[in-house]
Amino acid sequence: MTRIDDTFSRLSASGKKAFVSYIMAGDPDYDTSLKVMRGLPAAGVDIIELGLPFTDPMADGATIQLAGQRALDGGMTLEKTLQMARDFRAGDDTTPIVLMGYYNPIYSRGVDQFLTDAKAAGIDGLIVVDLPPEEDDELCIPAQAAGLNFIRLATPTTDDARLPKVLTNTSGFVYYVSVTGTTGAAAAQASDVAPEVARIKSKTDLPVIVGFGINTPEASGSIASIADGCVVGSAIVSQIASGESVEDVLAFVKSLADGAHRG
């Protein structure tokens with residue numbers, strides 16, 4: 001049982017949906033990013049997705065691409081991202097952290113070393129969007145053996161023939177991408193998402209969390225109501241990019257979390 005598994009077990013027992021928030025590590029700088037991260041649990045965040053800055057983020061829209069570039073320009077690295085997790089864990093040993101990014105920095109570090117370091121830093125799960133199921137031996141299976149959940153994305157184009165492959169070796173939760181395209185590209189519609197969530201849930205006992213295209217408390221509640229929870233990333237990153245104070249960013253996050261928890 002990971003912290004992710006424990007969190008979903010607790011939420012299910014209380015009849016609540018999960019709210020997952022994404023921030024980019026090191027955006028706009030290390031200290032501000034860490035302050036936001038430390039404030040997320042009190043704002044109602046159940047699981048933190050921590051973005052690993054990368055130069056070529058193919059699944060991300062402009063908002064998160066720019067956040068990653070700001071972080072890289074400020075000297076953010078994989079090691080500093082893991083240090084953020086360590087610093088967070090000094091005051092919070094319960095909130096799950098999912099590291100979300102791309103394979104190149106992990107490959108460069110070496111899979112075995114990365115997994116050892118990530119586990120020691122308090123990372124609970126991985127979302128590595130450019131490693132398909134056909135490459136499970138590369139990172140997914142070693143990660144699970146190390147005690148980390150490996151979370152896979154399903155999309156509107158994941159048909160019934162492909163879905164079993166996507167679900168194989170997935171753990172923690174399934175991340176359903178509500179719209180085609182990149183992050184922040186379009187608004188998620190519960191009426192479109194509901195049948196897809198039901199289709200996935202008919203094939204797995206894992207929680208299904210919906211992300212992409214959720215940017216208001218109303219949308220957060222609407223999407224959470226037809227899934228096991230929702231993820232918000234670009235809308236939060238936009239608040240940080242616009243120079244909002246940490247307190248105002250966290251107040252916005254709380255409004256989104258409250259919406260999801262009403263779902």
Side-chain angles (χ1 to χ4, degrees), residues 1-22 44-49 59 95-100 124-129 131-133 136 140 143-144 148-181 183 185-215 217-235 256-257 259-263:
M1 292 283 286
T2 65
R3 291 183 186 93
I4 297 170
D5 300 324
D6 288 342
T7 294
F8 280 111
S9 178
R10 172 178 53 79
L11 290 169
S12 177
S14 61
K16 288 179 67 178
K17 302 301 179 75
F19 181 68
V20 184
S21 70
Y22 172 99
V45 172
D46 299 299
I47 298 172
I48 297 169
E49 276 185 22
T95 305
I97 303 172
V98 175
L99 190 66
M100 184 172 186
D124 302 290
L126 303 174
I127 300 175
V128 183
V129 297
L131 272 183
D136 273 359
C140 172
Q144 308 236 50
L148 297 172
N149 290 128
F150 198 89
I151 297 147
R152 195 95 63 192
L153 304 183
T155 75
T157 60
T158 305
D159 61 18
D160 288 338
R162 180 65 175 170
L163 184 59
K165 188 71 173 176
V166 169
L167 296 174
T168 299
N169 297 325
T170 298
S171 65
F173 61 91
V174 179
Y175 187 137
Y176 180 68
V177 176
S178 64
V179 296
T180 55
T183 56
Q189 301 296 327
S191 58
D192 296 331
V193 173
E196 292 301 298
V197 170
R199 180 171 67 95
I200 295 167
K201 289 182 72 67
S202 73
K203 304 296 184 183
T204 181
D205 293 330
L206 291 171
V208 179
I209 303 299
V210 177
F212 286 45
I214 303 166
N215 53 27
E218 294 73 24
S220 182
S222 176
I223 294 297
S225 72
I226 52 86
D228 295 300
C230 68
V231 185
V232 178
S234 294
L256 297 165
H261 292 148
R262 287 192 297 268

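Being a predicted model, the structure only gives us computed values, none of them experimental.
Under the 3.5 Å distance criterion, the side-chain polar atoms of Lys17 are matched with a main-chain donor or acceptor of Ala224. Remark: the backbone N or O of Val177 is not paired with any side-chain donor or acceptor of Thr155 at under 3.5 angstrom. Proximity of a side-chain donor or acceptor of Ser9 to a complementary backbone N or O of Asp5 within less than 3.5 Å is not detected. Side chain of Ser220 to main chain of Ala260: a donor-acceptor pair is present (N/O by atom type, distance under 3.5 Å, no hydrogens or angles). With hydrogens and angles disregarded, no donor-acceptor distance shorter than 3.5 Å links the side chain of Thr2 to the backbone of Asp124. Using modelled atom types, no side-chain atom of Ser225 and backbone atom of Gly263 make a donor-acceptor pair closer than 3.5 Å. The closest donor-acceptor contact from the side chain of Asn149 to the backbone of Ile151 lies at 3.5 Å or more, if one exists at all. Side-chain atoms of Asn215 never come within 3.5 Å of backbone atoms of Ala235 as a donor-acceptor pair (strictly under, hydrogens ignored). Counting only distance, with no hydrogens or angles, the side chain of Thr204 and the backbone of Ile200 share no donor-acceptor pair below 3.5 Å. Between the side chain of Ser222 and the main chain of Ala190, no donor-acceptor pair closer than 3.5 Å is present.
Looking at Lys16 and Asp46, no side-chain N of the basic residue comes within less than 4.0 Å of a carboxylate O on the acidic one, giving no salt bridge.
For the atom pair CZ (Arg10) and OG1 (Thr7), the distance works out to 5.0 Å, reported to the nearest 0.5 Å. The distance from the OH atom of Tyr22 to the CD1 atom of Ile48 is 13.0 Å, given to the nearest 0.5 Å. Within the model, atoms CE of Met100 and CG of Leu153 stand 5.5 Å from one another, a figure rounded to the nearest 0.5 Å. Atom CD1 in Ile226 sits 9.0 Å away from atom OH in Tyr176 (nearest 0.5 Å). Considering CD1 of Ile209 and SG of Cys230, their distance stands at 8.0 Å, rounded to 0.5 Å.
Residue Met1 comes nearest to Asp6 through the heavy atom pair CE-OD1, 3.1 Å, listed as atom of the first residue, atom of the second, then distance. Contact detail for Val193 and Ser178: the closest heavy-atom pair is CG2-CB, 3.7 Å. Across all non-hydrogen atoms, the minimal contact from Leu163 to Lys203 is CD2-CG, 3.8 Å.
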Self-check item: Worked check of side chain to side chain contact (heavy atoms under 4.5 Å, CB included) between Arg199 and Asp160
Solution: CA-CA 9 Å; Arg199 180 171 67 95; Asp160 288 338; 2.7 Å; yes
Practice problem: Could you go through the side chain to side chain contact (heavy atoms under 4.5 Å, CB included) check for Tyr175 and Ile127 one step at a time? | Solution: CA-CA 9 Å; Tyr175 187 137; Ile127 300 175; 3.8 Å; yes
Practice problem: Kindly indicate, with the supporting measurements, whether the criterion side chain to side chain contact (heavy atoms under 4.5 Å, CB included) is fulfilled by Ser21 and Val232. | Solution: CA-CA 5 Å; Ser21 70; Val232 178; 5.9 Å; no
Practice problem: Evaluate the criterion salt bridge (charged side-chain N to carboxylate O under 4.0 Å, His left out) for residue pair Asp136 and Arg152; output intermediate values, then yes/no. | Solution: CA-CA 11 Å; Asp136 273 359; Arg152 195 95 63 192; 2.9 Å; yes
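A salt bridge (charged side-chain N to carboxylate O under 4.0 Å, His left out) check over residues 222-232, counting only residues at least two apart or in different chains, returns the pairs Lys201-Asp228.
At least one side-chain heavy atom of Phe173 sits under 4.5 Å from a side-chain heavy atom of Ile4. Counting heavy atoms from C-beta outward, Val210 and Val231 have side chains that stay 4.5 Å or more apart. Considering only heavy atoms from C-beta on, Leu167 comes within 4.5 Å of Val174 through its side chain. Contact check for Pro133 versus Arg162: side-chain heavy atoms found under the 4.5 Å cut-off.
The ring-ring contact (aromatic ring centres under 6.0 Å, His included) search around Phe19 returns none, not counting sequence neighbours.
Checking Ser171 against Gln144 by side-chain atom types alone, a donor-acceptor pair falls below 3.5 Å.
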